[in-house]
There are 2 protein chains.
Amino acid sequence: MSGMRDLWQSSSVLLTVDLVILTLREDRLHVLLVERGHEPHQGAFSLPGGFLRDRSEDILAAAARELSEEAGLDAGTLHLEQLAVYGDPGRDPRGRVVSVAHLAIAPRLPEPVAGTDAADARWTPVDQVLDTSLPLAFDHLRIVIDGVERACAKLESTALATAFCGPTFTLSELQRVYEAVWDTRLDARNFYRKVQGVRGFVIPAGPTRKTEGGRPARLFRAGPTTVLYPPMVRPDRTERGEDQ
Amino acid sequence: MSGMRDLWQSSSVLLTVDLVILTLREDRLHVLLVERGHEPHQGAFSLPGGFLRDRSEDILAAAARELSEEAGLDAGTLHLEQLAVYGDPGRDPRGRVVSVAHLAIAPRLPEPVAGTDAADARWTPVDQVLDTSLPLAFDHLRIVIDGVERACAKLESTALATAFCGPTFTLSELQRVYEAVWDTRLDARNFYRKVQGVRGFVIPAGPTRKTEGGRPARLFRAGPTTVLYPPMVRPDRTERGEDQ
DNA sequence: GGCACTTCTTGTCGATCAGACAAGAAGGTA
DNA sequence: TACCTTCTTGTCTGATCGACAAGAAGTGCC
């Protein structure tokens, strides 16, 4: 067995963090993309992210830092979790670069992008990414696919949907989150009762108003529960079509 | 912005793969552990795993290689998936070592451990690990916790349970998988109908026999479905206990 | 104010599903 | 054959889900 020095020589890798930052804009799911300013893939769009600053930086901390630097968002206020690792040997022409992708959820309508370092960041409808009408650098398409799928899944079993909303929200706002992420339509009346039937999902926050045009809605905040019981099941998509 | 050379100097890391290999032995969930032969944590138990062999090795391939080298199991025959990344800066005294943990599921009763390189590997009941009566090296306790939780969750929504069984199995064998992983009891009669109600979960494999002592059971093989619809929901654990 | 309009909230109803349990089927063994 | 074990099929009851009606509570317009 060779020593540690040989190990470093032969098999150390560079670590990056990449961010799939999702939010809702005009009731559609958007992801934050940046235009790359230099090679490789200069001019193409990619997920925000970057290299570990130094060997002592924690990975999640690096993700939070990139969230701030490249997106102008404060990690303390939004949901941030590890998504997966992408380490295919050929994914980056600069050498062996392994990326730890993260999923972040931003509350609705953060300004199009703060006037920060990364003014070239823009919210893009995920549809445009998923149908490949807007190609991404590296393997970032796959990362977005996985991130959106993770979000879809966690909407069912966890309180992640509240992360798309502000500190208080109405139930129809919450419903629009589900509809946008799942790309489906839900019955407002059943949704209303279902959400309130989940223990600790949402708790009333004053009998206040907020909507416009119709009857004012009650406000809620996120409850203490992180895993939903019973879960919010998304409607069957296969629709009796002889599976396969 | 500094060049690539500085980046490598300052922030490259060593990558390892670690394996949470689960199986069923005597109807209890077990995880494969190895006794460490050298520092750090010499003599302690840890998950099987090791460093990336070289810079060109794919991560999943490295996991498959360790599966073979350290556990004597063939990655082609069993379920193997990425679990998560553990990269806390202080987790390994040898320097910045980032581990990509994987979850593997072995069919029931692979021999206690083949007479391979790692003869010091042994199947250990996960209870003993989770209640910390058997301490693990590094942050491997956390990795085991996350791996078991992942297995529990995927039993609900995917056909992962069949990976615990051989190529053919009876429904009561499958039931014992659920009972062991979830640590719960299920009604055999309802389970029987429920499993068969899930489209493409299991398909009959000859009206053969297999069990002993009672009426022979029908044999099944895993079906084409990977995501279960409707899902197998695990019984509510909170049991009307004023949530908290 | 009265009226139309919007959206929120509560009710109801039938189909479907989950969990409890009875009973029959199909082998082994004394 | 009598019994034991385990598998498989039925049935029943209460809970849940999705469709939809109807009432509640605001805004804006005449």
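Naming: A, B, ... by sequence-line order, numbering from 1 per chain. Note: hydrogens, waters and symmetry copies are ignored here, and every other heavy atom, side chains too, is used.
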Next item on the list: Output the residues of residues 213-221 of chain A in contact with DNA chain C, where contact means a heavy atom of the residue under 4.0 Å from an atom of the strand; sort by number or write none.
Entry: A/Gly213, A/Gly214, A/Arg215, A/Pro216, A/Ala217, A/Arg218
Notebook entry, point to check: So which one's nearest nucleotide on DNA chain D is more toward 5', A/Lys194 or B/Gln196?
Noted result: B/Gln196
Item checked: Side-chain donor/acceptor contact of A/Arg193 with base of D/dG18 under 3.5 Å -> no
Notebook entry, point to check: Residues from residues 180-191 of chain B sitting under 4.0 Å of DNA chain C, heavy atoms only?
Noted result: B/Asp187, B/Arg189, B/Asn190
Item checked: For A/Arg189, side-chain contact (heavy atoms from CB on, under 4.5 Å) partners two or more places apart -> A/Asp187
Note to self: Classify A/Thr170 by what it touches in the nucleic acid, base, sugar-phosphate, or nothing, heavy-atom distance under 4.0 Å.
What the structure shows: nothing
Check: Hey, are B/Tyr178 and B/Arg185 close enough side-chain-wise for a donor-acceptor pair under 3.5 Å?
Finding: no
Note to self: Just to verify, what does A/Ser99 make a side-chain contact (heavy atoms from CB on, under 4.5 Å) with, not counting sequence neighbours?
What the structure shows: A/Thr16, A/Asp18, A/Arg91
Item checked: Separation of D/dA25 P from A/Tyr192 OH (nearest whole Å) -> 12 Å
Margin query: Using five pairs at each end of the helix from C/dG1-D/dC30 to C/dA30-D/dT1 to define an axis, what is the angle between those two axes, to 10°?
Written below: 10°
Check: Along DNA chain C, 5' to 3', what are the outermost nucleotides having an atom less than 4.0 Å from a heavy atom of chain B?
Finding: C/dG19 to C/dG28
Item checked: Shortest non-hydrogen separation from A/Leu24 to A/Val177 and the atoms involved -> CD2-CA, 3.7 Å
Notebook entry, point to check: Given A/Phe45 and A/Thr124, is the side chain to side chain contact (heavy atoms under 4.5 Å, CB included) satisfied, shown in steps?
Noted result: CA-CA 10 Å; A/Phe45 284 93; A/Thr124 310; 5.7 Å; no
